[in-house]
Amino acid sequence: MAPVTRFAPSPTGFLHIGGARTALFNRLFARHLGGTFRLRIEDTDKQRSTPEAIDAILEGLEWLGLSWDDDVIYQSARAERHREVALQLLESAKAYRCYATPEELAAMREKARAEGRPPGYDGRWRDRDPAEAPAGVDPVIRFKAPREGEQTIEDLVQGFVTVANRQLDDMIILRSDGSPTYMHSVVVDDHDMGITHVIRGDDHLTNAFRQRQLYEAMGWPVPAFAHIPLIHGADGAKMSKRHGALAIGAYRDEGYLPEALRNYLLRLGWGHGDEEIISDAQAVEWFDIANVGKNPARFDFAKLDSLNAHYLRQRDDESLVAALEVRRTARGESGFSEEQAGRLRAGMESLKQRAKRLDDLEAASQVYLAEPPITYTEQAVKLLTPDALGHLAGLRALLEACDWERSELEAATRQFAEEIADPPLKLGKVAQPLRAAITGSKVSPPIFEVMEILGRESCLTRLDSCLEGKIFST
RNA sequence: GUCCCCAUCGUCUAGAGGCCUAGGACGCCAGCCUUUCACGUUGGAAACACGGGUUCGAACCCCGUUGGGGACGCCA
């Protein structure tokens with residue numbers, strides 16, 4: 001039977017990196033086996049769920065290229081069905097009404113903890129006569145879980161995990177206001193949606209034991225479970241905003257490519273021999289949940305950057321120009337002029353070689369976008385010594401006579417440095433000040449390429465204003 | 001506190017008893033390339049947490065210690 005997996009985020013925050021990986025693994029697992037990957041929004045906490053968060057999750061998944069099958073299921077819309085199942089459990093005596101107050105529960109927990117017992121509900125209403133119910137208290141419905149013995153789950157990632165039933169208490173499935181709890185809704189929805197494999201974060205491992213009891217009480221087939229380790233921050237502690245638990249949109253804004261993020265996330269906690277660069281097709285072909293490691297992985301921006309740089313170089317120039325334009329217009333700025341776009345297309349091949357992220361690329365592309373008078377970095381100013389300016393003045397005439405094509409410009413500059421200058425200079429002695437004069441910076445793509453793309457007029461204007469001493473530093 | 005899980009270079013990992021004087025990648029260092037910065041390329045430093053077993057033989061199996069992480073809500 002073809003598997004059905006799902007990603008089930010709760011829209012109480014934004015889609016973060018850990019959720020993105022969970023979605024990726026679910027999707028790869030399903031695709032590898034020719035199954036279905038579904039999406040369910042767990043918006044049962046109406047206080048904390050927001051429409052903005054739902055949009056952010058949907059957009060984040062789309063941006064990352066993690067499309068899902070079928071319609072999105074909203075858990076909140078299914079409350080009636082959840083209630084129905086809870087009542088069914090109540091009727092068959094697999095659940096019962098509990099009248100314990102929140103204060104009572106808190107005291108219970110504290111006492112248990114103090115006595116070294118597992119904290120949790122003690123089952124005081126489990127077998128009590130409902131006639132004893134206090135007046136004016138709305139009861140919750142609790143699931144009657146086995147008290148004795150132990151149970152074992154064969155987790156696809158964690159292996160065999162055994163837990164004593166006394167560690168688990170009778171969980172609430174329906175609140176006193178009649179709304180279903182998460183623990184209950186998940187089971188009903190997963191069953192109704194035909195989920196065969198529940199792949200989710202490690203933090204749900206203990207939930208699996210309770211949820212399985214519910215499946216069994218209903219006589220439903222129990223899905224396979226796979227609990228993948230959480231992602232940690234660079235310091236090994238739990239993920240926080242400081243080290244990567246950012247909304248997925250933040251990665252986009254910083255200029256990460258979805259394909260790079262996918263590749264990075266895939267390799268976090270999973271490997272296929274020595275493979276590092278893995279295409280989407282290979283990922284689908286190779287992915288096996290059993291190969292996911294059990295130990296939590298730390299998030300490493302340096303490695304993400306290097307992967308991103310790789311995929312950036314792999315992108316075609318045209319798509320990168322388009323990506324840069326999107327960033328501009330997203331900020332409310334105008335798009336590129338014909339001339340700017342043309343320059344960027346021409347220069348992109350060497351520009352992208354020098355960038356790790358789109359924001360780097362954007363910064364570097366300024367050489368082709370800035371209009372004179374340009375501003376000079378401090379280091380560029382330092383290169384433009386009186387001596388250097390003297391050389392540039394001499395070089396100007398040779399350049400002007402050129403065909404304005406990179407090899408000719410280089411030949412002219414080389415000729416000036418080696419044959420005309422007295423004493424003779426190394427090419428760099430002239431090329432560096434030339435770079436500073438034209439680009440306003442100490443670093444840039446190859447200077448003669450830049451000059452060719454910028455064109456004769458633009459370059460000579462820049463050179464002249466420089467020779468006139470109009471050198472303004474930032 | 002109770003329970004569960006984990007443990008190979010700084011980081012991600014390969015490794016499923018002899019192929020391991022432990023491989024790859026990122027990062028780091030050095031060389032080469034070079035008009036700068038990158039790219040590329042060559043080389044280098046860098047790990048089986050510790051202690052006991054089992055075995056002819058252990059990174060791999062068992063036990064313990066230590067160290068991490070997670071779960072214990074009328075949150076999801």
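Keep in mind that what you see is a predicted model, and the values were worked out from it rather than measured. Quick note on labels: first sequence line is chain A, next is B, and so on, each numbered from 1.
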- Task: Take the protein atom CG of A/Asn207 and the nucleotide atom P of B/rC72, then report the distance between them rounded to whole Å.
- Result: 7 Å
Kindly give the atom pairs (protein nitrogen or oxygen, nucleotide nitrogen or oxygen) under 3.5 Å for nucleotides 27-34 of chain B.
none

- Please check if the distance between the ring centroids of A/His191 and A/Tyr215 is under 6.0 Å. no
- Message: Categorize A/Leu205 for me: base, sugar-phosphate, or nothing, with a 4.0 angstrom heavy-atom threshold over every strand shown.
- Response: sugar-phosphate
- Query: With sugar-phosphate meaning primed atoms plus P, OP1 and OP2, does A/Ser49 contact a base, only sugar-phosphate, or nothing at under 4.0 Å between heavy atoms?
  - Reply: nothing
- Heavy atoms under 4.0 Å, any strand shown: does A/Gly269 hit a base, just sugar-phosphate, or nothing? sugar-phosphate
- Message: What's A/Pro9 touching, base or sugar-phosphate or nothing? Going by heavy atoms closer than 4.0 Å.
- Response: nothing
- Touch check for A/Pro229, heavy atoms < 4.0 angstrom, all strands: base, sugar-phosphate only, or nothing? nothing
- Mark yes or no for a side-chain to base donor-acceptor pair under 3.5 Å between A/Arg435 and B/rU35, with no hydrogen or angle criteria applied. yes
- For A/Arg313, answer base if it contacts any base atom (sugar-phosphate contacts may also be present), sugar-phosphate if it contacts only those atoms, and nothing otherwise; contact means non-hydrogen atoms under 4.0 Å. sugar-phosphate
- Look at all strands and tell whether A/Glu276 reaches a base, only sugar-phosphate, or nothing, counting heavy atoms closer than 4.0 Å. base
- Query: Are side-chain N/O atoms of A/Thr439 and A/Ser444 paired as donor and acceptor at under 3.5 Å?
  - Reply: no
- Query: Judged by modelled atom types alone, do A/Asp177 and A/Ser179 share a side-chain donor-acceptor pair under 3.5 Å?
  - Reply: yes
- Item | Pairing partner (Watson-Crick or G-U wobble, both distances under 3.5 angstrom) of B/rU35 | none
- Please check if the side chain of A/Gln88 supplies one atom and the backbone of A/Val85 the other of a donor-acceptor pair under 3.5 Å. no
- Just by modelled atom types, is the A/Glu275 backbone N or O under 3.5 Å from a matching donor or acceptor in the A/Arg267 side chain? yes
- Item | Donor/acceptor link under 3.5 angstrom from A/Thr206 side chain onto base of B/rC4 | no
- Task: Just call it for A/Phe448: base, sugar-phosphate, or nothing, with non-hydrogen atoms closer than 4.0 Å on any strand.
- Result: base
- Task: Please find out if less than 6.0 Å separates the ring center of A/Tyr264 from that of A/Phe301.
- Result: no
Each nucleotide N or O in nucleotides 14-17 of chain B that has a protein N or O under 3.5 Å away: list the pair and distance.
none

